[in-house]
Every structure is written in C-alpha cells, then in structure tokens.
Undergrad: 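Below you will find the structure I want to go over with you.
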Amino acid sequence: MEGAVSEFQWLPLVCALPEYYQRLCSCQKRAKAPLLMPAVLRRPKWSFGCTGLRNRQLILGAGDEGAGKFGSCFRWSLQDARVSLSQPFERQEWSSEQLWRRFFSDPSQWWDHRFDKTNARFPDFKHKKTQDALWIDARSTPRWVRSELAAMAPIAVQQSAFSWNAKMAKYVEGGQFTEAVALFELMQTQGVPPDKYSFIQVLKACAGSMALEVGKHIHCQVIKSSYGSDVFVDSCILDMYSKCGSIEDAYNVFKNMPQRDVISWSAMIVAYAKSGQGSRALEIYTQMLQELIKPNSFTFVGVLTACTSLGALEEGRFLHSQVIENGQESDPHVGSCLVDMYAKSESVEDACKVFNDMPTRDVVSWSAMIVGYVKCGQGGKALELFQQMRREGLEPNNVTFLGLIEACTNLLSLGEGRHVHAQVIQSGWETDTSIENCLLDMYAKCESIEDARELFNNMSKRKLLSWNTMIMGYANCQLGEKAIDLFFQMQCERVEPDNITFLGVLKACSSTQALEHGKFIHEQIRKSKWKSDTFVGNSLIDMYSKCGSMEYAHRVFDSILANDIVCWSAMILGYVKSGQAEEALDLFREMQCKAVEPDPITFVAALNACAGVGALEEGRLVHAQIIQSGYDSDAFLGSCLVDMYAKCGSMEEACEVFNNMQLRKVGAWSAMILGYVECGQEENAIVMFKRMLQEDVVPDSVTFIGVLMACSSIVALNDGKLIHAQVIESGLESDVFVASCLIDMYAKCGSIEDACRVFSNIPFRDVVCWNAMLSGYAMHGLGKKAIQLLEWMLQEGTDMDTASFASLLSACSHAGLADEGVYYFETMTPVYGLSAEVEHHSSMVDLLGRAGHLHEAHDMIKNMPCLPDVSIWQALLGACKIHGNVQMGESAAKELFSLDPEHSSGYVLLSNIYAAAGKWSSKSKVQNLWTKRHAFKQPRYTWV
C-alpha cells in the first residue's frame, strides 16, 4: 500500500528529534487530512531507548489521497533528518547500560546538555553522530553512573555550540564581557566550532568592553568562516567597531556588506551620531532613503541624536514629519529623542507639544522633558514636572535625578537640592557614582561646603571626578588651604591627578598666595603629561602673577611651545594685576609684532594697562584696533573703554563711547559714575546715577560705591540718604563694601549717629567695616569711642590690619590721647605683627606734635625706617604752628618744599608761623614766593 512505512523506518526520526512529530501535525493541519498515530508511538511501553520491535506495516493516512498529501510532508521531514525512506535503516540495538559504557569509553563524542536544557524531558547527553540519548535520572540508568560522572574530568564531555552560546549570552547580559571573550576562546580550544550566534555574542562582548584588537581578531575569524556574508553578523561587527571608536573600520564593513538591511543602516547612522559626526549620519540616512529602505525606530533614534548634536532644528522638524509618516510617533524612545532634540535646540514649546501628545509616557520620556527644561534654563519647571511625574506613579531613574540635581545647581536652590537628595536615598540611587558626583557639585556651588564634604567622606567609591569637584568647590568658596590639603590627601591615596585637578589646586594657590605650594605643584605638572596643556599653563601664569612672581610667570610663558591668544592674554593680565602696566603694554606690542590677533580678553587687559599708567594715546590706538576687529559692539569692552578714558582724565571721550553704546549694561554706568568721581566731577556722577534709575537699569554694588563716594566728597547728605534707601531696596545693605561706603559717607557728612546705625545693622562685619567706623570716629575726634570700638573688634575675633592702626592713631591724635596713641604704636609690631608704614609715622608725628613733644616728633622722623614724605613734614609744620616753634618750622618747611615746591598748605602754615612770631618781613617773603610759584589752595566743602 502506498504510504505504508515500516516501524524501523520511523525509529531514526523518533530517536533523533521528537520535535519532528510536531512538524508532522502541523503539516497535517495544512493538508486537512487525518493522521493515524504510528503504532510504534501508540505503544504504552514505547521509549526512545527500547528495542525488539517487530516488522509491521504502518498506515500514514486513510486512502491514497491522504497518503499522497501527507506522504510528501513526511518524506520532507525524514529528509531533513538526513534519513532516506527509500532505503531501509539498520542500526545496532543498545541497552541503557551498554550506552552508558559506550559514553564513558569516549565522552568527547557526546554533547553535554546538563546545564542548558530547558525541559527535564530533554536528554542530558546525546551522541554527536548516532543521536543516542542518555538521561541521568532515568529508571534504567545503572547506579554506578553517578559516581563515574562525579569522578570524570569536567572537560571530558564537550558541550554543543548552543550550550556555549547560552553561557556567553548570560555573561554579556550581566556585563561580564571579559569572561564572555574567554569562554569563546575556551570553546575553540575544546574543538567546538563557533556558529553564527557564537560570533554575535563575542562581538557584543568586545563592543561592551571596547576591546578593539580582540574584535579585529574575531572579525578575521568571521571572514574565514561561512558567516562572512551574514547580515546579522556583519551588523554586529559594524556595531563593535563603532562602540570601540573605530568609525573608519565600521564604515569599511558597512561599505563591503553584500546586502544591507535596516539594522545595518541604522547601526551606521548611530555610530556616526555617537561619535559626534552628525552631518555624516544625516548623509547616510539620505542614502538609505534613496535605496528605498524604510527606517525603523532605531534609525530615527540615531538620526534625531545627530540633529540634536548639530543643533539642526529644521532638519529635526523634517524628521519629525517622517516619524509621523512612518507611524513611529507612539514609540517612547523616538518620542524621547524628539523631546530631547527640540529642548536642546531651545524650542521648548515644540518639546512640550511632543511630550503632551505621547500616548504612553515612560520614565525615559519624563526624564527627557525634565532634562530639556534644565538645558533651556527653566529649572523651576523641571522641578514642577518631576512632582507631576510622581503624582502619576512613575519611579524616577538615574537620568531623572541627574536632571533634577542640575536644575537645583543652576537655581542655586540648596533647599530643593536637599529634598532631591532625600528622594535619591529613598529610591536607592544614592550609591550611583554619577549622582553622587552631581550632588557633590550641587552642594559645592550652593556654597554648602560642609554638606559636600560629608557626602564626599561617605562615598563608597571616590573617583577622580569626585576629588576634582571637591577641590574646585573649596577653591570657589575661597577655602584654598582646604583645597590644597585635599590635593595632598588625594596623592596619599595614590589617585592620579588630571588637568582639572591642577586647575582647581592652582586656583587655590592663587587665592591664598601659596607660592611655595604652587611651585611644588608646578614641578609635578612638569613631570606629568599635562605640562603642555594650554589651560594648565595659563593657570600657572595666573598663579605666579597673583603671588607676585612675574619672573616665574614669564618662565612658564616662554616654556609653552605654541603660545596661542589665551597664553598671551593670561600673561598680559598677569602683568596688569601685579601692577606692571608698562610691561603689559610692551607684551601687547610684542604679540602684535608676531601677528597674533587679539581677542576681547586681550583688549580688556590692554585697556586696563593703559588705564593703570594713564597712557591715553596708547588707549586710543587700542580703541582703533577694537573697532577694526569688529568688537566695538561688545558691551563689556565698551565699559572698559569708558573706564580707560575716565582714568586717563578724558571724560569727553568717555561720554562719547558711552553714548554710542548700543547696549549699556550696569558695568558701563558704573564706569561712568566712577570716572566722574575720579575726575572730581561728583555732581555729574550723581546726575548719571539718577539718569540710570530713570532708564530702569538696576544698580549693583560697584555703582553704589561710586555714587556714595561722590556724596562723601561734596557732603551731599540728602542725596546720600536717598541712595541709602535705594541700597536697602536692592538688598545690598549687608554687602560689606557698600555698608563701609555708607558709614564713610555719613561720617564725612557729619552724621556720625547714622554711621553708627548702619554699622550696627551689618550682620557680618569684616575688617573693612570696622576700619570704616574707626575712621569715622577719628574724623570726629572721638578717640575714646575709637578705642572702645577697637576692643569690641578684638573681642569678636577680627584681626587688625595696618588701616585699623592708621585710623586708631588718627583718632588718638585728634582727641589728644597721646599716651594711648604711643601705647598702640609701640605694640603694633611685637603684639600684632604689623610693620609701621609712612602713614602710621605721620599720625604719630601729628600726635606728638599736637601734645607739644616736638623734639620727640623730630627724632621719630630721623629714626624712621623709610624716607619721610610730604604728609610727615606737613604734620610737623602744623605742630610748629600750634606751639610757635619758628626754628623747627623753618626746618620742616625747607624739607617740605624740597619734596613739593608748590605745596600750598606748606606756604600757608609757614606764613602763619611768621605772623604769630611777628616776623612780618619773613611772612612777606613767603607770600611773594607763594605767588611766584602759582601755588594756591583748592577750595573744598566741609560739614563744619
């Protein structure tokens, strides 16, 4: 009968692959023909290892038609098992014990499925050729098998490629890439040839570990194998090269692929996008569309990332339309990329629209929108969106928290930052290194350095970024000594510093004037790979210049092989900050001789140098260069030009520059006000301040300092009180410099009570505030109050400086407290460690002279460690007038006129001395000499 098959012809199929029976059933359903179960499979005692079957005929279908329809399917199944129905199959029958003995005689001929089988019914061992199967837990398994298996060497039994692939996949999924590569090598040493999936897994491992050389070796093996033209393997090779940073090799693989599917194109697009070559990614995408390859979500993610990196908003909008056209707008990953692209292109409205239109928003979408708000400078909205996200029951991830912490950092919101930190701990992300470093940066920039240090100390794993953040935080908070200590602690823990570390610690050395530490760090830089780093070199120049060592700064400048404009600017600024304006201008000229084009920072340094030495003509030349370079519209440069012209005494040119400025910021207004004050045009300074308020420009601390100085000079008490109200409205009343100017203004305007009230309301007083109040008491001759204030100052732990002693000695002099003044002068060096300067000696000469101790005053002048100046001889001359000492007065006047022949006050004092002594002829000679030399006394205002 056609379609009849003997049971011995069934046996190879049943023993080899039981799944073929399922294939038979599937074929039967398609053929719509009944299938009779073969008798050998219907037998109750049938098992794959049974023997003793008798010859019998098996009917496949009912009738010739059924047999014909199903017989072809059945013959296909047998052919797939490499068994021919036309030839009878003869095989040797083995008992269970015989099979086990055969197994132990040569285990290398058996596949080991003990560790990868997913069903207990699958065999533990299977012969490579005969497909004989063995189960360890079968009833027929002899008892001695388990002990033999335990004693057998692990490598005695070979596992199939499927087993090795499964293990490699587990390693790759767990991030154990090195172990996966090692397993691939072990697989080959045991004689198991890798298949397609083996190559895919090991290439993923190479990509994950960025093992480029190993990946190239695997690529060579793929070429030699039969999988060299497999599109999936080629895509994995392409992905491996791109993730290892070898974009050129990736493109060569892509170019030589015989056939490229959407996965290959997408992988190449993503490779270019992630490597920062967004334009190239867009070109590949265009080629893909030209070859009529339909993009998928992975493609759009890559090409949208490229648009984001390029800031290509219009191209992004075109891609958005294609996303909608291809029905990918509901994909959360594509939606998140669209949100990110629009947000980073500063089109936050479009980002919001995409976000709101998304049918399903997962944590990736929410995080993209939060980060988008942060990038657009809308940190407050980012925090509000996070609260909405929490109300919808979504748990934040690390990207969400990174965005929120950055929002708090930008807003300088310490309270919100602490709240986010609490949520991080609650969500279990507190050990994430990126989040820890971001929190560290937030606390440091919010000037909560104690919280930052506590977090730093509790970090489970401190990476270089953590050390850098902490060092830079200390440096920015003016805690340079702690930054330097942390740098040395970092080295004790054998953490290698990088250029950012050196930038932070050099900034700390600059702020603390730690020249010796700076030299030691410089020596470390010379031995490191950062010795030629431009930014590190500029920081070294800045450190040496701020520490007053321009010689070392110039050595660093000369050691830099290729001095760019940044180096030149740093060196010129260094000379300006160290008070060597002439050298700064010489260097500016040398830079131009070497055809180095100045930038705005260089021009700022050159203008400051011109202002420092009053080089008006040089400043005009720099101004012309600024116009020629196209920087004349720069607001900051405009302010510097105003300042330069004002300090050089040319207020007309300063006004012309100011009036021609398109955008006048507060810096320009402040420069004009200070310029008027320095040129003695205080009324114009007050008028300029009122005009500034009329144009709705908010003044800053520098503006208030300038206009208060103007009020002090012309004793404009009413204007001073109005400006004081503006200070309070601006919230700057606690600024120590503004408060000190207010105290000085009230004191010079005769309102010492108002000065005391301002002083009492300062929350944190530094030495500048104390000195301002001491100076006020000195002006009013309140020596005892000055001494009481000094004792209060010392009780609060504020150290005195030279200005404090100058004010105190002046107060004692005006109050006639000679003994107290002498006491403080004599304790100045031994007790307080301060050296007496000319100003202090001048006050002591005035104090002793007023007390009638003229000879002691004259002896002090003779024994001074420095040469006396005009103020000292004027003080002695004034004392001689008070006490009528003509001889000493003539001697003092002689010394005074030798230093300043046109000193008007000296002529007046000497004339009065002669008049008091009745020497009218001598008085007449002095007056004639005064007239001849055109000396005259400048009229000033007084509050008396």
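Here, residue 1 is the first one in the sequence, and each next residue gets the next number. The structure presented is a predicted model; accordingly, all values stated were derived computationally and were not measured.
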Undergrad: Got Met591 and Met571 here, is their nearest side-chain heavy-atom distance under 4.5 Å?
TA: no

Undergrad: Any side-chain to backbone donor/acceptor pair from Thr829 onto Leu834? Under 3.5 Å, distance only.
TA: yes

Undergrad: Roughly how far, to the nearest 0.5 Å, is CE of Met472 from CG of Leu440?
TA: 12.5 Å

Undergrad: Would you give the length of the straight line joining atom CD of Gln478 to atom CD1 of Ile449, rounded to the nearest 0.5 angstrom?
TA: 11.5 Å

Undergrad: Does Tyr552 OH have over 12 foreign heavy atoms under 6.0 Å away?
TA: no

Undergrad: Centres of the His421 and Tyr443 rings: under 6.0 Å?
TA: yes

Undergrad: In this structure, is the centre-to-centre distance between the rings of His522 and Tyr544 below 6.0 Å?
TA: yes

Undergrad: Between the side chain of Ser427 and the main-chain N/O of Val424, is any donor-acceptor distance below 3.5 Å?
TA: no

Undergrad: Pick out which of Ile500, Asp498, Asn437 makes a side chain to side chain contact (heavy atoms under 4.5 Å, CB included) with Leu464.
TA: Asp498

Undergrad: Taking Ala508's backbone N and O only, do any of them form a donor-acceptor pair with Thr512's side chain (distance below 3.5 Å, no angle check)?
TA: yes

Undergrad: Atom OH of Tyr251 and atom OG of Ser246: how far apart are they, to the nearest 0.5 Å?
TA: 14.5 Å

Undergrad: Determine whether more than 12 heavy atoms belonging to other residues, nucleotides or ligands lie under 6.0 Å from atom CD of Gln387.
TA: yes

Undergrad: Strictly by modelled atom types, are Asn468 and Thr501 linked by a side-chain donor-acceptor pair under 3.5 Å?
TA: yes

Undergrad: Measuring from atom CD1 of Ile601 to atom OG of Ser569, what distance do you get when rounded to the nearest 0.5 angstrom?
TA: 6.0 Å

Undergrad: Should we say atom CZ of Phe177 is surrounded by more than 12 heavy atoms from elsewhere, each under 6.0 Å from it?
TA: yes

Undergrad: Side-chain contact, heavy-atom cut-off 4.5 Å: Val270 with Ser242?
TA: no

Undergrad: Is there a side chain to side chain contact (heavy atoms under 4.5 Å, CB included) between Phe487 and Gln524? Walk through the geometry before answering.
TA: CA-CA 12 Å; Phe487 174 76; Gln524 287 192 318; 3.2 Å; yes

Undergrad: Which pairs would a plain distance check flag for residues 208-219, meaning a side-chain donor or acceptor within less than 3.5 Å of a matching protein atom at least two apart in sequence or in another chain?
TA:
unit_1	atom_1	unit_2	atom_2	d
Ser209	OG	Ala205	O	2.9
His217	NE2	Gln221	NE2	3.1
His219	ND1	Tyr241	OH	2.9

Undergrad: If I compare all heavy atoms of Ser511 with all of Gly480, which pair ends up nearest, and what's the gap?
TA: OG-CA, 4.1 Å

Undergrad: Run the numbers on Leu439 and Glu430 for side chain to side chain contact (heavy atoms under 4.5 Å, CB included), then give the verdict.
TA: CA-CA 10 Å; Leu439 283 167; Glu430 69 274 13; over 6 Å; no

Undergrad: Please check if atom CD in Glu248 has more than 12 non-hydrogen atoms from other residues, nucleotides or ligands closer than 6.0 Å.
TA: no

Undergrad: Do the ring planes of Phe199 and Phe184 sit parallel (below 30°), tilted (30 to 60°) or perpendicular (above 60°)?
TA: tilted

Undergrad: Set out, in order, the CA-CA distance, both residues' side-chain angles and the distance that settles side-chain hydrogen bond (donor to acceptor under 3.5 Å, both in side chains) for Asn398 and Ser434, then state yes or no.
TA: CA-CA 8 Å; Asn398 57 339; Ser434 300; over 6 Å; no

Undergrad: CD1 of Ile572 to CZ of Phe557: how many Å apart, nearest 0.5 Å?
TA: 7.5 Å

Undergrad: Less than 4.0 Å between a side-chain N and a carboxylate O, is that true for Lys519 and Glu523?
TA: no

Undergrad: For His333, look at atom NE2 and say whether over 12 heavy atoms of other residues, nucleotides or ligands are found less than 6.0 Å away.
TA: no

Undergrad: State whether Lys577 and Asp542 are salt-bridged, where the test is any N-O pair (Lys NZ or Arg NE/NH1/NH2 against Asp/Glu carboxylate O) under 4.0 Å.
TA: yes

Undergrad: Would you call Asp451 and Arg418 a salt bridge, taking side-chain N to carboxylate O under 4.0 Å as the test?
TA: yes

Undergrad: Under a 3.5 Å threshold, yes or no: a donor from one side chain and an acceptor from the other, between Asp441 and Thr409?
TA: no

Undergrad: Tell me whether Arg526 contacts the main-chain N or O of Lys531 through its side chain, where contact means a donor paired with an acceptor under 3.5 Å.
TA: no

Undergrad: Tell me if a side-chain donor or acceptor on Gln513 pairs with a main-chain N or O of Lys546 at a distance below 3.5 Å.
TA: yes

Undergrad: Could you grab the distance from atom CH2 of Trp467 to atom CD of Gln491, nearest 0.5 Å is fine?
TA: 10.5 Å

Undergrad: What about Phe488 and His517, are their ring centers closer than 6.0 Å?
TA: yes

Undergrad: Is there a side-chain contact between Tyr272 and Ser279 (heavy atoms, below 4.5 Å)?
TA: no

Undergrad: Using 4.0 Å as the upper bound for N to carboxylate O, is an ion pair formed by Arg390 and Glu395?
TA: yes

Undergrad: For residues Glu384 and Tyr373, determine if any side-chain heavy atom of one lies less than 4.5 Å from a side-chain heavy atom of the other.
TA: no

Undergrad: Checking the side chain of Ser345 only, and the main-chain atoms of Tyr342 only, is there a donor and an acceptor separated by less than 3.5 Å?
TA: no

Undergrad: Which heavy atom of Val556 sits nearest to which heavy atom of Gly537, and what is that distance?
TA: CG1-O, 3.8 Å

Undergrad: Can you name the side-chain hydrogen bond (donor to acceptor under 3.5 Å, both in side chains) partners of Lys375, sequence neighbours left out?
TA: none

Undergrad: Trp530 and Phe535: aromatic ring centres closer than 6.0 Å?
TA: no

Undergrad: For Gln580, I'd like to know if atom CD has over 12 heavy atoms of other residues, nucleotides or ligands within 6.0 Å.
TA: yes

Undergrad: With the side chain counted from C-beta on, respond yes when Ile762 and Ser734 share a heavy-atom pair under 4.5 Å apart, and no when they do not.
TA: no

Undergrad: Heavy-atom distance under 4.5 Å between the side chains of Phe355 and Leu385, does that happen here?
TA: yes

Undergrad: Do Asn476 and Lys507 get their side chains close enough for a donor-acceptor pair, meaning under 3.5 Å?
TA: yes

Undergrad: Distance to the ring centre below 6.0 angstrom and angle to the axis at most 45 degrees; does that hold for Arg453 and Phe456?
TA: no

Undergrad: Compare all side-chain heavy atoms of Leu411 with those of Glu416 and state whether any distance is below 4.5 angstrom.
TA: no

Undergrad: Is the distance between the ring centroids of Trp366 and Phe386 under 6.0 Å?
TA: no

